[in-house]
Amino acid sequence: MDEKRKELLRGIPKIDEVLGLLEKRGTYEKASHEIVREVCRDVVQKLRDNILTVTDKELPAKLSDEQAADAVQKIIDDLHCCKLRRVVNATGVILHTNLGRAPLCPEALERIVEAGRGYSNLEFDLEKGERGLRYDHVSGLIRRLTGAQDALIVNNNAAAVLLVLNTLAEGREAVVSRGELIEIGGEFRIPDVMAKSRTILREVGTTNRTRLSDYEKAIGPDTGVILKVHTSNYRIVGFTEEADLASLVALGKKNNIPVFDDLGSGCLINLDEYGLEHEPTVREALATDVDVVTFSGDKLLGGPQAGIIVGKKDVIARIKKNPLNRALRIDKFTLAALEATLMHYLVPAKAPAALRPLKALTEPLADVKKRARKLMAKLRRADIAGLTFELKEAPSAAGGGSLPMQNIPSAVVCVRSANMTPARLEAGLRRAPVPVIVRVDEKEILIDLRTVTEAEFVFIADGLKLVAAS
Ligand SMILES: *Cc1c(COP(=O)(O)O)cnc(C)c1O
């Protein structure tokens, strides 16, 4: 080893010296001795590795004890910063899975706080004074809203699919169309979930065409369930054919085989009334007399992450008894939020005003444009050096595997900088104290107002000021 490296190694700060400095600075008020010591060791170890491995040119300067203490202090301070943070979703993707899908309504938030602040009757029947079931709090509401005989809630829809398949067809076959063996994203693939539920995949038909007779031919002594999957995030167009749910239900009845419909989004209102493409509602699915339907709580429904299982009483009873159910159960916060969200659907016409994803989806373009003009006026008034703004029309997307073909016209504020690339603007906004997530174009960034509320304007303005000043 060369002299320079040896010299640097000898000069590495001593851990006890650095800890002494940190104690004087009051660092132990912010983390335990154990944690501070470990961080300190990491900092010193990293420096040592660096000295031993980098090229001559990259060799670091000597680090003083003070500087090492600064480095440790910074890491400890960072542990006190919340990493899961609110962001402004200016992408126009209404149900953005990476951005937490559905924002909750104020009532749901209040109920979460209330349920968390003290004890609750989560599994206690206040009427009888004995042990109750956690699902019972919302199952009455779900039954009224969907016409289901019974309901059960689990962690998310992926869990619901796993649990239903495992209950109805463990070690047996699940008959499903080749056109419905989908990947939702985030590694959720129907065939993989089926394998984990220990059902055997029995594919029928072809990618674009599956007839009722294809299902019929596949049914035999090993059939456990007939499965229909909503092809959430994609559509096959052109020369296509599929067996509708009602005819699958009839086929199931004839052969005494349960039929399961994985609806995905779980829409509870008629979107056609708002000029959108038809999305099958949970009530419509159940009206076919299907045995069981599953859907997400945080897609079009607009509530917390949850998997909602509805259907026939006897089927739900079997699912409730499956030991897997215990592993997939929901917590009290989900229940509290779900209950408050579902109440908005008692008067379906009022739901879009109360639930943000539905509101974003159904809001008339004129209103989105009005908000865009307001934002532009605010940004112009802020007089941020080097930035110019322009209002344009561009489409938004429903996201979250919902309405993939739906053209949702929207209004965007385009921001250009005289001296910054759009990529730099985007990165700057992303790193703002309240991050703003935008779309990037060749020459500008786009702020889509369909997913932005007026209350969030201040974060966009502050973010842009910060970026422009950097
Ligand atoms: C989204 C979706 C799922 C997965 O639901 P999560 O709530 O994200 O777990 C399963 N099936 C279909 C058809 C979906 O659209």
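For reference, positions follow the sequence shown, starting with 1. Keep in mind the model is a prediction, meaning the values are calculated, not measured.
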Between Asn50 (side chain only) and Val54 (backbone N and O only), is there a donor and an acceptor less than 3.5 Å apart? no

When you look at [atom1] of [X], are more than 12 heavy atoms from neighbouring residues, nucleotides or ligands closer to it than 6.0 Å?
X: Lys392; atom1: NZ; result: yes
X: Glu34; atom1: CD; result: no
X: Arg430; atom1: CZ; result: yes
X: Arg178; atom1: CZ; result: yes
X: Arg189; atom1: CZ; result: no

Just do the side-chain contact (heavy atoms from CB on, under 4.5 Å) check on Leu84 and Cys82 with the steps written out, would you? CA-CA 6 Å; Leu84 177 62; Cys82 291; 6.0 Å; no

Testing Thr231, Asp214, Thr210 one by one against Ser177 for a side-chain hydrogen bond (donor to acceptor under 3.5 Å, both in side chains), which residue passes? Thr210

Exactly one of Val154, Asn166, Val193 clears side-chain contact (heavy atoms from CB on, under 4.5 Å) with Val161, and that residue is Val193

Would you compute the distance between atom CG of Leu425 and atom OG of Ser417 and round it to the nearest 0.5 angstrom? 5.0 Å

Tell me, do Val310 and Phe295 make a side-chain contact under 4.5 Å, heavy atoms counted? yes

Only one of Arg211, Arg235, Lys228, Arg209 forms a salt bridge (Lys or Arg N to Asp or Glu O under 4.0 Å) with Glu242, so which one is it? Lys228

